[in-house]
Amino acid sequence: LAVPSSQPQQPQQSLTAPLSAMAEVAYQHAEEPRSVAAHRGTKSKYRPPQQGEFGNSMVAPANIMFDRRVVRGNTYAAQIIPPAMQAEMQTRAKLANPVRRKQQNLHDQPMDDVPPVENRKHMDVQTEAYLEELTDRVIEADMDTQTDAFLDRPAAPIFVPMKTGVDADTQIYEGDLFDFDVEVDPILEVLVGKTLEQSMLEVMEEEELAAMKEHQDHFEQVRNVELAETQRMEEAEKRRFEEKERRIAQEQARVQREAQITEKVAAHKFTKGYLQDLHSAVFQNLHETGFFYNPLEREVATEFLPWLVSDVQTRVARIVTSRAIAADIIAAAVTAQQTLLEEAGVLRQSVAEQKAAAEQKEADEAAAAAAAAEAARLAAEAAENAPAPDEGGEGDGDDAAAQEE
């Protein structure tokens, strides 16, 4: 590691004076040098410099702790933008691209439309030398191109004054000026402390938000309870008012009914006292003239007795007819029963005869079978007791046995 030694600097007046004199002699200009203005429409190679708070160009902050785009604190909480920041953001958006805003304003302005002449209308007509086919949909084609990315403008070179004096070197070994283990402790302490502090602040903020949420929930519960109590009291007051109105209506109806009953009783008494003698006189006159009679006796004599006689005659005729029909049915049933008994006797006799014939046949077949079995047994015993004959004699015995069978 080479470290320049601290040497006394020499004055630069003696060096700059000859250089300026030589420049005046070697170069001569008709006008003072000036920067060339960039033409409109040319594309810059570098990004435009960012405008600072006071209008001057400034480089974006390299430390994210001072970058306003980085969200701090709890990321789950709602981000509230202060009014000053909103005004500043709107101002930046307006100053971002004034040319585009001007073009947009020109585009938004309505164009003058000349109305057509009477009995005519406007129509789009091609006036070019070469006509092209007009379709409902414009022919589209996908084209791709690759543009170069914007490059950051390189930083201005740091001014380095002209070196003066004589350089001197010295050798410094590892560990002479810097010890990592010792130097890193304060840095780590600061980093860990800041991290813990930020964490504690976030935790405290979360706890504060939780406490606020709990307080809000408690307030909501209390308010709901109070609202329910208020509604209950309103309903009770409403029910009392309705009960009061109903009782008043009932009392008014009762008073009105009592007044009507009183009037009716008075009218009834007056009418009864007025018509008492008239009623008896009228009925006596009607009874004497024969106008009144017993309706029950008249109805029995004129309607009930004729109907009863006709109904009895009809029922007697039905009984006589039914008895005759029943006698005929009984006689036919007795005749059919006798016929069935005779046929059953004949069938029993024929069945008994067939049964006797079948039993006789089975007895004959059993006797024949017993005789055949006895003959076979005797033939077998005779064959066992007879001497063994020759071949010719064996043939004759077989013939005899066959004949016996």
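- Atom CD of Gln349 sits in a sparse spot, with 12 or fewer heavy atoms from other residues, nucleotides or ligands closer than 6.0 Å.
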Show me the side-chain donor-acceptor pairs of residues 317-332 shorter than 3.5 Å, one per line, residues at least two apart or across chains.
from	atom 1	to	atom 2	distance (Å)
Thr321	OG1	Ala317	O	2.9
Ser322	OG	Arg318	O	3.1
Ser322	OG	Ile319	O	2.7

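- Contact check on Glu229 versus Arg232 returns a salt bridge, with a Lys/Arg side-chain nitrogen under 4.0 Å from an Asp/Glu carboxylate oxygen.
- Here the NE2-NZ distance, from His268 to Lys272, works out to 5.5 Å after rounding to the nearest 0.5 Å.
- Atom CD of Glu206 and atom CG of Leu201 lie 11.5 Å apart (nearest 0.5 Å).
- For the atom pair CH2 (Trp307) and OG1 (Thr302), the distance works out to 14.0 Å, reported to the nearest 0.5 Å.
- In this structure, the separation between OH on Tyr173 and CD on Gln171 is 5.0 Å, given to the nearest 0.5 Å.
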Contacts under 3.5 angstrom, residues 246-256 side chains, donor-acceptor by atom type, not counting sequence neighbours:
from	atom 1	to	atom 2	distance (Å)
Arg246	NE	Glu243	OE1	3.4
Arg246	NH2	Glu243	OE1	2.7
Arg246	NH2	Glu243	OE2	2.4
Arg247	NE	Glu243	OE2	2.9
Arg247	NH2	Glu243	OE2	3.1
Glu251	OE1	Arg254	NE	3.4
Glu251	OE2	Arg254	NE	3.4
Glu251	OE2	Arg254	NH2	2.2
Arg254	NH1	Glu258	OE1	3.4
Arg254	NH1	Glu258	OE2	2.5

Exercise for the section: Dump the intermediate steps for side chain to side chain contact (heavy atoms under 4.5 Å, CB included) on Lys355 and Glu359, then the final yes or no. Expected result: CA-CA 6 Å; Lys355 185 177 182 181; Glu359 290 178 354; 3.6 Å; yes

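- Of all heavy-atom pairs between His122 and Pro116, the closest is NE2-N, 3.5 Å.
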Exercise for the section: Report the C-alpha distance between Glu234 and Lys238 in whole Å, list the side-chain angles of each, state the deciding distance to 0.1 Å, and finish with yes or no for salt bridge (Lys or Arg N to Asp or Glu O under 4.0 Å). Expected result: CA-CA 6 Å; Glu234 289 179 355; Lys238 184 178 179 181; over 6 Å; no

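- Remark: Asp185 CG to Phe180 CZ distance equals 9.0 Å, nearest 0.5 Å.
- Note on Glu226 versus Arg223: no salt bridge recorded, every NZ/NE/NH1/NH2 to OD/OE distance being 4.0 Å or above.
- Between the side chain of Asn224 and the backbone N or O of Glu220, at least one donor-acceptor pair lies under 3.5 Å.
- Summarising the geometry, atom CZ belonging to Arg315 is positioned 10.5 Å from atom OG belonging to Ser310; distances are rounded to the nearest 0.5 Å.
- Residues Pro306 and Ala301 approach most closely at CD-O, 3.9 Å, considering heavy atoms.
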